[in-house]
Amino acid sequence: MPSNGRETPNPASGFTRVDPAVDIPAMERQILELWRATKAFEESILRRPADNEYIFYDGPPFPTGSPHYGNLLAGVIKDMVPRYWTMRGYRVERRFGWDTHGLPIEMEVEKRLGISGPKAIADFGVDRFNQAARSLVQANTETWEALTERIGRWVDFEDDYKTMDPEFMETVWWVFKQLWDKGLVYKDFKVLPYSWGASTPLSNFEANKDYRDVEDPSVTVRLEVLDGAGPVETGDYLLIWTTTPWTLPGNLAVAVGDEITYVRIPDGDDHYWMASSRVTSVFGDDPSPVASAQGAALVGIQYQPPFDHFSSQRDAGAFRIISSPDVATDEGTGLVHMAPAYGEADFYALKGAGIDAMVDPVDAEGAFTEEVPEVAGQNVKVADATLIDLLGESGKLVRSGRITHSYPFCERTGTPLIYKAIPTWFVRVEDLRGRMVEINDTIHWVPEYVGTRRFGNWLVNARDWAVSRNRYWGSCIPVWECSGCDEAVAVGSLDQLEELSGQRPNDLHKHVVDEIGWPCASCGGSMVRVPEVLDGWFESGSMPYGMLHYPFENAERFEAAFPAKFIAEGLDQTRGWFYTLIVLSTALFDKPAFENCVVNGLILAEDGRKMSKSLKNYPDPSEIFDHMGADALRAFLINSPVLRAEPLRFSSEGVAEVVRTVLLPMWNTYSFFTTYAEADGITVADLESAPSPGDRPELDRWILSVLQSLISEVNAQMEGYYLYNVVPPTLGFIDHLTNWYVRRSRRRFWRTRGESGEDDADKVAAFATLYEVLTTFIEVLAPVLPFITEHLYQDLVARHRTDAVVSVHHRDFPEADPGLIDTDLELAMEVVREVVRIGRNLRKKEALRVRQPLPRLTVLTRDPTVAEAVTDHAGVIADELNVKDVVTSADEAGLLRLSARADFRSLGRRLGPRMPEAAAAIAALAPEDLEKVLSGGKLTIAGEQLGSGDIIVERVPQEGTVVETGSRLAVALDTSISEDLVLEGIAREVISRVQRMRRDAGLDVTDRIHLGWSSPDETIRAAVARHSEDIGAEVLAISVDEGVDGAEETYAIGGAAVTLGISRAEGSGQIS
RNA sequence: GGGCCCAUAGCUCAGCCCGGUUAGAGCGCAUCCCUGAUAAGGAUGAGGUCCGUGGUUCAAGUCCACGUGGGCCCA
């Protein structure tokens, strides 16, 4: 493989002028064509050695709808990094992945089929339902492919992975079996939102979709204390309150808050306990507590439950007061009825109290079972009334009313939701927690805080993971249970399934697997698969293994390539993919699943709100592509706060800015190069014959040095995954290149070739330098701007070299050549640019246009390095600022005066409270004292010996001078304008006017003209006459004659008129 | 209710980790320059109670606490 720049050039190959006006989107579409035609992406992988892999994991998105900016952003990051490491010589495979299972897909399928809920799905047929889900997934992938390609993301859609592939699903079984064998899986109850209408638990997300204001019972119930202790006497009553009387048969405890104060209120012969702060809401304004206690003191007291159907549960610890941190006193009585089957907080409070009891007398359709015979068969909401009556009859009802409140409903069936304990499979994440935290510490997160704080905190508090879902379209929980005994088997492969059942299905979805069973090995009963499917996150967390069908295939490859070097996703994946990847990799391999993780923030619409299709508050991505192109969008996104995991307000203005500040300057430079290369007939052979960089003029060495510095900076940032630090130094480089190198070099490119050997050498050096800079710069930017860099590569490199690699993305990423870096030179040029900047500022302030030559510019400095930089570049400065002479001087008498202030940083620590006093004294120092300090002397101020390290002496211009100070120097302009200079200034004005006429006449930059002029003004006549030769040379006039003839224009210069006329000379248009 | 993040110019953001007295950039705006990159390019300028309150300190945009507003995630 040839390394960069070593391909065989076609020596005769010349360059073709490129129009500076560019249609970027059209150019990008051509590049897409080129990539397709040359299979550039596939090649970029194959040409890197297979034993030098860089592993990237692509987090699988749901194929619902079309990709939004968040997906595109993730795509850009996932493209830029692999492109970079590919250019660094690694083989970076990029297989696209699809998260094909899960609730969002099922919901979409239900919508399309017009059915809803488990009953409807069962009637429709799980097999047909799953088939519909599969078709939907396949149909939706196309828009993704189109937009992904358009943004320039190179990723393999052909060899993609899908979580619904049988191979992937088999690996998921294997993963589950690993956990099972390690004892990390268990089954328990989990309280979930439940729809009796649909006979199914819902996700929290679904449960939040339909809240309605409804009227419900509001009952206060008294529960008799059975074993009083302390201030609580036997026979006292605990007051509880609920809006769901149907949960009272399931009551197993009453909760208090440890810190809450409870009081004993007498009422007739009875005494009631409740939270002090809630007394008036129950008893009105005249409560007279006779005793009080903190909640913690009440814990353990036994009471008589509202109903006695489950009184045997007392042996399990039920019907006692327990403590719960969730008890609040903003409603109710501060004594909270606990029915663990019907409330998540209840469930955990009993667990926390060590009470292993649970009763659930409500069936799947929301009706009471025979366990509560009084209401058996009644729906819970219907049973409410009966139960309230029963409480009244038993004397337990204290108050009964109605309350209107907001309550969740089932979005699909319109029935009220209840909470209900559902058997659920868990992974023991809490056992893995410590190790997960340690493993997380080895991961490099960008930005860092996401990993160390946000994700780290999440890990420390990780709870066991509920991995089962009562759904249909997903990987199955591969557990078979015996109908007759406790036997349970986890199946981890098709081989095992075949061995057990004699069957080997080619699809592992629920409708197939549920049909498979075998006789129980211990009791001869039948082994039946449990009904649940796996959480989709379990599958995406299994992606590193599932993608390769590990361990059934690719075992060696996987082991060599795990963990991944790099992943990138949004901040919302903290609890999602990042988490499940780590849980599973820790459980299975005791390793992280990835080494570097780039986390991006959320993209908001320009108005700061979420992007919303219905609000139309953001431009369609394809609009951006059509108007400004993918490169601009990529650079905009990469350079934005989303790369720091912060939200970004998307604005197409920002994208347009990238076009203006990055793409157009690059294109302009490219156009500039090709224009003059063509005009001069520069060939590749000419470029090759240029002197080696070290022997070229300083300006060339300078820009090459700046380029090398940029290369080393970009490499450092990319190696650290700080993608957001790549664009800013690039912008700085573009400024150096266009506003200094090209501008300063222009005349070198124009000089007529062949007039002098010395000029030719300089010209070729300039062309070679600009060529090398451009062709290297595009390599640096190729990962960010894959299109424009490819275009330039094709035209500037590939065209001229017979065995060049076909794409810029196949080249090796540049590495900085320390031999070309000259920091002294870079520093000197900074000084020069500063002098020029200050000089322009001065001219502006003094209203002295640059076209008017001035006699002298003086740089005031005592720094020999600065003085040397100025002296060495006096010509450049003189040219830029149109002055006749540039000198340096250390003598600032009459121009600058000294001014002092304290160096707080060094003095503050030493002086402490005496600081303000010293600062005032320093500001008031006399010039002689300052001179003394400057020459190394010490002064006694505030009782301290202070020297040059403590006092900052600055020079400021004296009033009435044409002087301006910079950070390390001052610039003085001599503004006396002699007669000669006036004439020269006029000549420059004339040149300027003629150039404008040339442009307005549409002449080519190489066209020769005849110039005629006339003026009634003596001074102008003198000026033009004296400088006619210079004028002619500047405006490419082969004759300059008094008397106008042809197209003419009259201008005012310094209040006097001049008439100019130009005409194109015959035979012009030759090489200049 | 909890965790994390953010709040600096009209807009988008640096600066904050490690405190130092004149807070920067780009865009936009205004004024001007250049005219051989020209449907480009450049310079200069105006514009800031650094969200609020309190604290620590000789010194706070920067550190601490509390609050306000916004975001993400979780409950």
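In what follows, every chain begins at residue 1, and chains take the letters A, B, ... in the order their sequences are listed.
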Roughly how many Å apart are B/A14 and B/A7, using the P atom of each and rounding to a whole number?
7 Å
Per atom distances to the A/Met915 side chain, the nearest of B/A37, B/G3, B/C58 is B/C58
Atom pair distance, as rounded to whole Å: CG in A/Asp903 and C1' in B/G19:
14 Å
Can you check the distance between B/U12 and B/C29, where both ends of the measurement are the C1' atom (answer in whole Å)?
16 Å
Return the value, rounded to whole Å, for the distance between atom CZ of A/Arg905 and atom C1' of B/A59.
12 Å
Roughly how many Å apart are B/G61 and B/C74, using the P atom of each and rounding to a whole number?
38 Å
Let me know the distance between CG of A/Asp879 and P of B/C34, rounded to the nearest Å.
14 Å
Considering only nitrogen or oxygen atoms on both sides, find all protein atoms under 3.5 Å from nucleotides 22-26 of chain B and state each distance.
from, atom 1, to, atom 2, distance (Å)
B/G26, O2', A/Glu657, OE2, 2.4

Consider the side chain of A/Pro913, meaning its heavy atoms from C-beta on, and name the nucleotide among B/A37, B/C58, B/C74 that approaches it most closely.
B/C58
Less than 4.5 Å apart, side chain to side chain, heavy atoms only: is that true for A/Trp465 and A/Asp535?
yes
Side chain of A/Arg837 only, heavy atoms from C-beta on: which candidate in B/U38, B/C33, B/U44 is closest?
B/U44
Is the shortest side-chain N/O distance from A/Arg988 to OP1 or OP2 of B/C33 below 4.0 Å?
no
A/Tyr419 and A/Asp346 side chains, donor-acceptor separation under 3.5 Å:
no
At under 4.0 Å between heavy atoms, what does A/Arg843 touch on the DNA or RNA strands: base, sugar-phosphate, or nothing?
nothing
Each stem that RNA chain B is part of, given as range with range (3 or more consecutive Watson-Crick or G-U pairs, under 3.5 Å):
B:1-7 with B:68-74, B:10-13 with B:24-27, B:29-33 with B:41-45, B:51-55 with B:63-67
Less than 6.0 angstrom from the centroid, inside 45 degrees of the normal: does A/Arg746 satisfy that with respect to the ring of A/Tyr676?
no
